[in-house]
Amino acid sequence: MTSTVPAPSAASTRPPLPSTAPTPTPDPAGSARAYDLDRAHVFHSWSAQAALKPFVAAGAEGSWVWDGEGRPFLDFSSQLVFTNIGFQHPKVVAAIQDQAAKLCTIAPQHVNDARSEAARLIVERAPGASFSHVFFTNGGADAIENAVRMARLHTGRRKVLARYRSYHGNTTTAINLTGDPRRWPNDYGAEGVVHFFGPFLYRSHFHATTEAEECARALEHLEQTIVLEGASTIAAIVLESIPGTAGIMIPPPGYLRGVRELCDKYGILWIADEVMSGFGRAGRWFACELGDEDGAGNRVDDTRTEPDLVTFAKGVNSGYVPLGGVIVSEKVYETFSNRVFPGGLTYSGHPLACAAAVATINVMADEGVVENADRLGREIFGPALADLQARHEIVGEVRGSGAFWALELVRDKATRTPLVPFNAAGEANAPILALGAACKERGLLPFINGSRTHVVPALNITDDEARYGLALLDEALTAVEGTL
Ligand code: PLP
């Protein structure tokens, strides 16, 4: 096959281009027109508009995206970590086409078979036997919004706790819960949110030196926060089961169980945000299931650490049609069995999105996609990234599970000084931008945030593709090291 991917240097150990790499027909004129119209008329998220030079995605298949020149890129980002079964899975495409031919749309108050079946499949996989119903939304932020609304009405309390180093979405409550700089310009201090520190041993806020110490001290800090804020004022604790965009910090064994115990002790609901970590990403259907394990895959307790509400989106249908939702436990459902839930959305449980979810979940089950993510983490990403950490001066730590990994990049391994400062801009941010450029030059789409790059490909990426992408990342790290 032919490819425009630049050739490796003589010293490179890059494996051959995987046989799955596509050979698309270039369409430079079409992509130039799309680009010009985009720049003329599309207002982009989270950006100053003038300096943008967005990538033109002319097409995609499996783990590959190509540009207008027909150049394939291996997607190590799953876009915004949502194409959990890759692009254009034929069974999901067919399910969307069939649903479109049958019934494109229907209002949420009417029963629809795609929605009913999607709800059944999601409840069946929910992290615990106490879950019974699904409230469907259009994406992750509105799932958070509605979960918090449920928790406030269920408890009769208003305040919500969330951790620093987190992302929960871009609607008012969700962005105020968010523990990263995207909150700052949107935070008027009016949403009743209090932030606390979660466990993160590599940059411990608790002067801890072991995971066990970090866990115990983080829980002690959380309990103090609850007590000092006034437990009777707190409706919920919102936690990404594994913080995603903020750095893929796997909670130490016992942390989520400790959160559950604190919630029970103080009458607070636990909202597990599984928008990014759910639907197989971490090698389990939901990442909070790892809370009952010892870090080596062994269950440490027979009882499950169950949240009260679980928010999901992204991977539920691999992002093919916008969909999110809240999985509701019986006890919260009961609150609204004879009392109106004051919330709803025109497109709640949209048939096209739900048909895509049914097909995606069935593909994941039939093709062992979750098990594959777990295996990839243990057999390929874990060992290969540990090797990158050992060989590269700028890789301070690697951490993750399944197909959900972060490389913490540093200027100095001993001091752990981040490669770029927190919330860096301009010149200070140049090294991390250089890493992104070095990846793209080599045909790899990375997921970069702060001083990190994440390895978050489709869960059904082939082993050859995974190894190829890791080799490109290895080269890109070397290239950046050469410039420091
Ligand atoms: N929660 C988490 C953990 C997320 O990662 C995201 C998006 O990245 C959201 C919520 C918001 O989802 P959406 O962008 O679909 O509104």
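We count ligands from 1, going down the list as the structure has it; atoms in each ligand are counted the same way. The analysis underlying the following values was restricted to heavy atoms, covering all of them including side chains, and did not include hydrogens, waters or symmetry mates.
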Review point. Does the protein put a heavy atom less than 4.0 Å from atom 5 (O) of ligand 1?
Key: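 Yes, there is one.
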Nearest neighbour in protein (non-hydrogen) for [atom]:
| atom | result |
| --- | --- |
| atom 16 (O) of ligand 1 | Ala141 N, 2.7 Å |
| atom 9 (C) of ligand 1 | Val275 CG1, 3.7 Å |
| atom 2 (C) of ligand 1 | Tyr167 O, 3.3 Å |

**Study point:** Enclosure of Glu61 CD (heavy-atom neighbours >12, cutoff 6.0 Å)
**Key:**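 No, because the 6.0 Å sphere around CD of Glu61 holds 12 heavy atoms or fewer from other groups.
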Practice item. With heavy atoms of Gly139 as the reference, note each atom of ligand 1 found under 4.0 Å away. Key: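 So the atoms of ligand 1 that pass are 15 (O).
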Practice item. For Gly140, take its heavy atoms, then give the atoms of ligand 1 lying under 4.0 Å from any of them. Key: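 Those qualifying, in numeric order: 11 (C), 12 (O), 13 (P), 15 (O), 16 (O).
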Exercise for review: May I ask you to decide whether Asp180 forms a salt bridge with Arg165, counting only side-chain N to carboxylate O separations under 4.0 Å?
Suggested key: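 So Asp180 does not pair with Arg165 through a salt bridge.
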Review point. How far apart are the C-alpha atoms of Phe279 and Phe286, what are their side-chain angles, what is the distance that settles it, and do they pass the ring pair (Phe, Tyr, Trp, His ring centres under 6.0 Å) test?
Key: CA-CA 6 Å; Phe279 287 93; Phe286 292 94; 5.1 Å; yes
Point to revise | Closest candidate by heavy atom, reference atom 8 (O) of ligand 1, pool Glu145, His168, Lys314, Glu240 | key: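 Among Glu145, His168, Lys314, Glu240, the closest heavy atom to atom 8 (O) of ligand 1 comes from Lys314.
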Exercise for review: May I ask you to check whether Met276 has an N/O atom sitting below 3.5 Å from an N/O atom of ligand 1?
Suggested key: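 No, no N or O pair falls under 3.5 Å.
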Check your understanding: Any N or O on Ile144 sitting closer than 3.5 Å to an N or O of ligand 1?
Key ->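 So ligand 1 has no N or O lying under 3.5 Å from an N or O of Ile144.
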Practice item. Take Asn317 and Val92 through the test side chain to side chain contact (heavy atoms under 4.5 Å, CB included) and record every step on the way to the result. Key: CA-CA 8 Å; Asn317 62 10; Val92 183; 5.7 Å; no
Check your understanding: Going by distance alone, is a donor N or O of one side chain under 3.5 Å from an acceptor N or O of the other, for Asp75 and Ser63?
Key ->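 Looking only at side-chain atoms, Ser63 and Asp75 do not form any donor-acceptor pair under 3.5 Å.
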Review point. Taking atom types as modelled, is there a side-chain donor on Trp64 or Glu465 under 3.5 Å from an acceptor on the other?
Key: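 Side-chain D/A pair, Trp64 to Glu465: present.
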**Study point:** pair Pro127-Val310: side-chain heavy atoms closer than 4.5 Å
**Key:**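 They are in contact (side-chain heavy atoms under 4.5 Å apart), so the answer is yes.
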**Study point:** Test item, Asp273 contacting ligand 1 (heavy atom, 4.0 angstrom)
**Key:**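 Distance cut 4.0 Å: Asp273 passes for ligand 1.
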